[in-house]
Amino acid sequence: MEYVIEMLNIRKEFNGFVANDNITLQLKKGEIHALLGENGAGKSTLMNVLFGLYQPEAGEIRVKGKPVKISDPNIANDLGIGMVHQHFMLVDTFTVTENIILGREITTAGSIDIKKAEKQVREISERYGLSVDPQAKISDISVGMQQRVEILKTLYRGAEILIFDEPTAVLTPQEIKELIQIMKTLIKEGKSIILITHKLKEIMEVSDRCTVIRKGKGIGTVTVSETNPNELASLMVGREVVFKTEKKEATPKEDVLEITDLTVKDTRGVSAVNGLNLSVKAGEIVGIAGIDGNGQSEFIEAITGLRKAESGSVKLNGKELINQTPRKITESGVGHIPQDRHKHGLVLNFPIGENMVLQTYNKRPFSKNGILNFKEIYKKAKSLISEYDVRTPSEYTLARALSGGNQQKAIIGREVDRNPDLLIAAQPTRGLDVGAIEFIHKRLIEQRDNGKAVLLVSFELDEIMNVSDRIAVIYEGKIVAIVNPKETTEQELGLLMAGSNRKEAGEHSNV
Amino acid sequence: MSKRFKSLLTPIIAVLLGIIVGTIIMVVSGYNPVTAFTALWNGSFGDIYYIGEVVRQFTPYILAGLAVAFAFRVGLFNIGVEGQFLVGWLAAVWVGVAFDLPRIIHLPLAVLAAMVAGALWAFIPGLLKARFRVHEVIVTIMMNYVALHVSNYIIKNIITDNKDKTDLVKESATLRSDWLQSITDYSRLHWGIVIAIIGCFVMWFLLERTTRGFELRSVGFNQHAAHYAGMNVNKNIILSMVIAGGFAGLAGAMEGLGTFGYATVKGGFTGVGFDGIAVALLGGNTSLGVFFSAILFGALKVGALNMPLEAGVPNELVDIIIALIVFFVASSYIIRVFLDRISKKEVK
């Protein structure tokens, strides 16, 4: 079978740092080829080489057997290579069609022929089963739809080879299913796909072959039907990875967190949390399972003081904390790993060391009489960095320069180190590779074993099932069921998350 | 090329580009650029008198620059320095003429009054921003006009009896010094420069070394993270405006207690507050940067006065050169891209 893209022995250096070392990736026509690697392994660098953003120091790129030199993205476009970026490149106030034709406008006598463009967009959309409304405004459509617009954009430009960069990171489980269907349709229509991901499950489900890179080096290419997730994971990380996180039975004690009738409004003023009741005991991990948009964010923001609650009660160790300031809540013994690490978790323009004392800068020994003691701050940072395996050139490096996984480890180090009675972890492993996920899960369980309460919010059912001792299902701002992870199935959870009641769900899962 | 070196090189290149384009303009309009720039140099550093005048000129520039830079570091754009400067000037002079006190009390009291007046003037936009998210740019611009006309009214109707100018501040409240004047060939150099240098130090220390500064910088970079970490974002927004206004008020005291020794009814803005924006921009919003860029602006402003005399160049041209420098600084992005290109080639 012929290869549509061949990247042979690619090498790319940045000021002496080798980001890609002798990597070979060959894409067959009509296949979905996964590119697997840890955060910072060099996946993006390799794809940027293919997309013409970087020039390789060594190696050769061939398109349909012919050696090519891709010196800028326009050439990549002309060669039929299209990229669906992880962070969408769309103009919010434009319609779908306007976004798609941007830069390739069809004009009649100098004015844009939007009717014709819309017709073309609709045709492509129908052909690939994307069902996108060409007249919809970007700001009005869901994230999943926006991603389809990105796909349409590359197809409109005549892409034969589509690169998907972490496409499922932002999607709900339902949208992921639909995306997989779309990818299969694309293949049927003769396209070829490179899928960048570190989600092993997706690789197993959709891809034909998988190229693994580790620390910039090409490890090899495997045929997916002949491998299993464990093998892929150990190829990627370079050691055995434990999927089923090892943990002892929980020994729950007294209630640490008690929430009664909590009501919270979202930014638009609509009730997002409607009379939520939940308790978390010392020595247990409670996982909140639910589809994105069922009030999880507002719930977490309200109990951590970031958002005003309308009514209800949030008690920590019997003390009322509702609508207290974040500082008061933090100091009462709550640690919070926020959902959005860039927005809330870190000051990206601060050195990683200063981020480590973001809540404790005003305490001794980090300051005295209002004067900061940088020696103590950086001493603390240094010890946290080594204890939590944060890979950074130094504690003076800006947080911005760290990879997502290392930023997250830094936040977890900071939050766990304060030894809070209640640790709230919102999507703690989002966008991280299996090695980092394993590390974070271990830390959460460690906190539990030390007799602390842990509240975990995640959209990843695997994570919820693996780590939690009790699962609380959230639906339309209420906890609709509490289940034992050992006695439930993904199907049952899925149905509960979609709003079926307990009995129905149980019947379905038994079928 | 290191980042530090680049951020140092950018303003220098901006200044050079301003001078080059200024040269072209002078050649085109028929003036000799060599004589003109020699006159500019002589008029700013050619004589001890001029040096004294340059120092006198850049003293308020430093403080006005700090007023912009400090707010900027907390993520606010303080366009209201001019107004805060005017109320500071008025307050200093008012205290200076109204009381009879020993110098050790009177002078600090007058300086303090200027600082408090500027701070109060900036407190209003800070409060509106924190409470109601009213954009500080709009409020501070409008507060400039209010400051101008209110201080004119007070000078005319309250401090004096329908005069355009107040009396000189009392001897016990003046920053002027016979000694400083005598060593600089009777320039208007005064002790304010000491206050300006202390101001630079205070800004650096406050922002970089204190827990309060840690909060202010956090709010400046990422309000959400600051809120998450338990800092009071609104309080820090107000505080940053108040401190910035304090610096601007001090700049007013430099004029009221030092350079002039009185306050006058003004037909329009002095421009010091607006020049402060350029000073802060050129100085990269750091206290040391503000110090040096204030020197440059002061020298250009004073040296310009010599250009018509010695080289026959209209001093409007100097205003154009200053404008060009600011233009190139504002478009420093272009210079930075250019520097990045060069350093990339070096690596290859």
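None of the values given here were measured: they were computed from a predicted structure. Lettering of chains follows the sequences in order, A, B, ..., and the numbering in each one begins at 1.
Residue contact with chain B, scored on non-hydrogen atoms closer than 4.5 Å, is absent for A/Glu301. With a 4.5 Å cut-off on non-hydrogen atoms, A/Leu358 touches chain B through its backbone and its side chain both. Contact of A/Glu415 with chain B is made through the side chain alone, with heavy-atom distances under 4.5 Å. Contacts between B/Glu208 and chain A at a heavy-atom distance below 4.5 Å involve the backbone alone (N, CA, C, O). In this structure, the portion of A/Phe374 lying under 4.5 Å from any heavy atom of chain B is its side chain and not its backbone. Heavy atoms of A/His342 lying under 4.5 Å from chain B belong exclusively to its backbone. At a 4.5 Å heavy-atom cutoff, the contact between A/Arg414 and chain B is made by side-chain atoms alone.
Between B/Phe214 and A/Phe350, the ring planes lie tilted relative to each other; the angle falls in the 30° to 60° range.
Options A/Val347, A/Asn349, A/Asn355 differ in how many heavy-atom pairs under 4.5 Å they form with chain B, and the most are formed by A/Asn349. Heavy-atom pairs under 4.5 Å with chain B were tallied for A/Gln359, A/Glu331, A/His344; the largest tally goes to A/His344.
In this structure, CD1 in A/Ile371 is found 12.0 Å from CZ in B/Arg212, a value given to the nearest 0.5 Å. With rounding to the nearest 0.5 angstrom, the CZ atom of A/Arg327 is 12.0 Å from the NE2 atom of B/His227. With rounding to the nearest 0.5 angstrom, the CD atom of B/Glu215 is 7.0 Å from the CG atom of A/Asn362.
In plain terms, the two heavy atoms of A/Pro326 and B/Gly230 that are nearest each other are CB-CA, 4.0 Å.
When the shell of 6.0 Å around CZ of B/Arg131 is examined, it contains 12 or fewer heavy atoms from other residues, nucleotides or ligands. Taking a 6.0 Å sphere around CD1 of B/Ile12, one finds it holds more than 12 heavy atoms contributed by other residues, nucleotides or ligands. Within a 6.0 Å radius of NZ in A/Lys308, other residues, nucleotides and ligands contribute more than 12 heavy atoms. Atom NZ of A/Lys382 sits in a sparse spot, with 12 or fewer heavy atoms from other residues, nucleotides or ligands closer than 6.0 Å.
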(message) Between A/Leu372 and B/Thr211, is the side-chain contact (heavy atoms from CB on, under 4.5 Å) condition met? List the steps.
(response) CA-CA 6 Å; A/Leu372 295 167; B/Thr211 53; 3.7 Å; yes
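Formation of a donor-acceptor pair under 3.5 Å by the B/Asn222 side chain with backbone atoms of A/Gly345 is not found in this model. In this structure a side-chain-to-backbone donor-acceptor pair under 3.5 Å is missing from B/Tyr228 to A/Lys343.
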